[in-house]
Undergrad: 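This structure is in structure tokens; I'll ask about it shortly.
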Amino acid sequence: MGLAYNTYLDSISKIYGCRNCKTHLAIHEEILSQNFRGQHGKAYLFNIVVNIDEGEAVERSMTTGRHVVRDITCRQCKATVGWKYDKAYENSEKYKEGKFILEGELLCRVA
């Protein structure tokens, strides 16, 4: 296992980072939906997120049904920032598979 290098994002709009250490996580253009709720309130569905580590896959009952998800943490400071959808059992929820939820309270605007 070698060194893990952080990816630095460049965008003409907002860059979202970890609230604890300001590590870049995602850009505003990758938001698919702003109509999500997490443990800490408002959350966003992103297509692409960088500089994270993924936890073990677990099955959870959520407000939209059962899903297989994994918690995601900031690669730099190890703070939990959201989760990734691995599998959705309902056909209407399949669009979430492979996508990421970042919780608004755990983010900051870096740029």
Side-chain angles (χ1 to χ4, degrees):
M1 184 170 156
L3 290 174
Y5 291 97
N6 284 343
T7 300
Y8 292 91
L9 299 171
D10 188 20
S11 175
I12 57 171
S13 66
K14 299 176 190 171
I15 296 174
Y16 298 98
C18 172
R19 186 171 150 195
N20 287 342
C21 68
K22 313 287 188 277
T23 296
H24 292 193
L25 298 173
I27 60 174
H28 187 76
E29 291 86 359
E30 292 297 332
I31 292 178
L32 299 174
S33 176
Q34 298 182 21
N35 296 324
F36 281 81
R37 303 283 302 167
Q39 256 184 316
H40 305 282
K42 192 164 182 61
Y44 309 96
L45 182 69
F46 282 88
N47 191 41
I48 297 171
V49 175
V50 298
N51 299 323
I52 57 161
D53 291 321
E54 298 179 8
E56 293 295 315
V58 294
E59 194 169 294
R60 287 192 193 144
S61 288
M62 303 178 123
T63 55
T64 55
R66 294 199 61 72
H67 299 277
V68 176
V69 299
R70 23 180 109 233
D71 287 336
I72 57 174
T73 57
C74 171
R75 181 186 292 158
Q76 189 70 33
C77 72
K78 307 300 182 209
T80 299
V81 292
W83 66 89
K84 177 184 179 183
Y85 287 101
D86 279 351
K87 179 176 175 141
Y89 292 103
E90 300 289 329
N91 283 337
S92 63
E93 302 297 313
K94 293 280 187 195
Y95 73 95
K96 296 176 184 175
E97 292 180 348
K99 306 297 189 268
F100 302 87
I101 292 287
L102 293 178
E103 297 201 44
E105 282 295 314
L106 307 177
L107 302 176
C108 69
R109 186 171 169 187
V110 178

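What you see is a predicted model; the values in this text were computed from it and never measured.
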Undergrad: Counting only heavy atoms not in E59 (residues, nucleotides, ligands), do more than 12 fall under 6.0 Å from its CD?
TA: yes

Undergrad: Do Y44 and I101 belong together in a cluster built from hydrophobic side chains that touch within less than 4.5 Å?
TA: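 The answer is no; the residues belong to distinct hydrophobic clusters.
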
Undergrad: Where is the tightest heavy-atom contact between K94 and A88, given as atom of each residue plus distance?
TA: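 That would be NZ-O, 2.8 Å.
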
Undergrad: Report the distance from atom CG of L45 to atom CG of L32, rounding to the nearest 0.5 Å.
TA: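 Going from the CG atom of L45 to the CG atom of L32 covers 5.0 Å.
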
Undergrad: Heavy atoms, side chains only, cut-off 4.5 Å: are V50 and T23 in contact?
TA: no

Undergrad: Would you say the side chain of E54 lies within less than 4.5 Å of the side chain of I72, judging by non-hydrogen atoms?
TA: yes

Undergrad: Verify the neighbour count for atom OH of Y8: are there more than 12 heavy atoms of other residues, nucleotides or ligands below 6.0 Å?
TA: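 Atom OH in Y8 is not packed in, count stays at 12 or less.
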
Undergrad: Can you name the nearest heavy-atom pair linking K96 to Y85, along with the distance?
TA: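 Looks like O-CB, 3.2 Å.
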
Undergrad: What verdict does the side chain to side chain donor-acceptor pair (under 3.5 Å) test give for Y16 and E30, after you've listed the backbone C-alpha separation in whole Å, the side-chain angles of each residue and the deciding distance to 0.1 Å?
TA: CA-CA 11 Å; Y16 298 98; E30 292 297 332; over 6 Å; no

Undergrad: Please find the pair of heavy atoms, one from Q76 and one from N6, that lie closest to each other, and give the distance.
TA: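 Between these two residues, the closest heavy atoms are OE1-ND2, 2.8 Å.
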
Undergrad: Give a yes or no on this: more than 12 heavy atoms of other residues, nucleotides or ligands lie within 6.0 Å of atom NZ of K99.
TA: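 For K99, atom NZ is crowded (more than 12 foreign heavy atoms under 6.0 Å).
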
Undergrad: How about CD on E29, more than 12 heavy atoms from neighbouring residues, nucleotides or ligands closer than 6.0 Å, or not?
TA: yes

Undergrad: Is there a side-chain contact between T63 and R37, using heavy atoms and a 4.5 Å cut-off?
TA: no

Undergrad: Please tell me whether V81 and I31 are part of a single hydrophobic cluster in this structure, the criterion being side-chain heavy atoms less than 4.5 Å apart.
TA: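 Yes, V81 connects to I31 through the hydrophobic network.
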
Undergrad: Compare all side-chain heavy atoms of I52 with those of K84 and state whether any distance is below 4.5 angstrom.
TA: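 Result no, sub-4.5 Å side-chain heavy-atom pair not found.
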
Undergrad: Nearest heavy-atom pair of C18 and C108: which atoms, and what distance?
TA: O-SG, 3.5 Å

Undergrad: What I'd like to find out is whether the side chain of I48 reaches to under 4.5 Å of the side chain of F100, using heavy atoms alone.
TA: no

Undergrad: Looking at CZ of R19 and SG of C77, how far apart are the two atoms once the value is rounded to the nearest 0.5 Å?
TA: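 If I round to the nearest 0.5 Å, the distance is 11.5 Å.
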
Undergrad: On a heavy-atom basis, which atom in S11 and which in K14 lie closest, and how many Å separate them?
TA: OG-O, 4.2 Å

Undergrad: What distance separates E90 CD from R66 CZ, expressed to the nearest 0.5 Å?
TA: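 E90 CD to R66 CZ: 11.0 Å, rounded to 0.5 Å.
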
Undergrad: As an exercise, state the distance from CZ of R60 to CH2 of W83, rounded to the nearest 0.5 Å.
TA: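 Result: 8.0 Å between the selected atoms.
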
Undergrad: Transitively linked via ILVMFWY side-chain contacts under 4.5 Å: V49 with L9?
TA: no

Undergrad: Please confirm whether the backbone N or O of Q34 pairs with a side-chain atom of K42, one donor and one acceptor, at under 3.5 Å?
TA: yes

Undergrad: Considering all heavy atoms of both residues, which atom of N20 and which atom of A79 are nearest to each other, and what is their separation?
TA: ND2-CB, 3.1 Å

Undergrad: If two hydrophobic side chains count as joined below 4.5 Å and joins carry through other members, does V58 share a cluster with M62?
TA: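 Linked, V58 and M62 end up in one cluster.
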
Undergrad: If I take atom CD1 from residue I15 and atom CG from residue D10, how far apart are they, to the nearest 0.5 angstrom?
TA: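 Between atom CD1 of I15 and atom CG of D10 there are 6.0 Å.
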
Undergrad: Using atom types as modelled and distance alone, determine if a side-chain donor or acceptor of R70 lies under 3.5 Å from a backbone N or O of G55.
TA: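 At least one qualifying donor-acceptor pair exists.
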
Undergrad: Side-chain contact, heavy-atom cut-off 4.5 Å: H24 with N51?
TA: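 H24 vs N51: side chains touch.
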
Undergrad: Indicate yes or no: at least one non-hydrogen side-chain atom of L25 is less than 4.5 angstrom from one of F46.
TA: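 In short, these two side chains do not touch, never coming nearer than 4.5 Å.
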
Undergrad: Enter the distance from R75:CZ to C21:SG here, rounded to the nearest 0.5 Å.
TA: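 Here the rounded value is 11.5 Å.
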
Undergrad: L106, F36: one ILVMFWY side-chain cluster at the under-4.5 Å cut-off?
TA: no

Undergrad: Please confirm whether the backbone N or O of H40 pairs with a side-chain atom of E103, one donor and one acceptor, at under 3.5 Å?
TA: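 Yes: the side chain of E103 pairs with the backbone of H40.
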
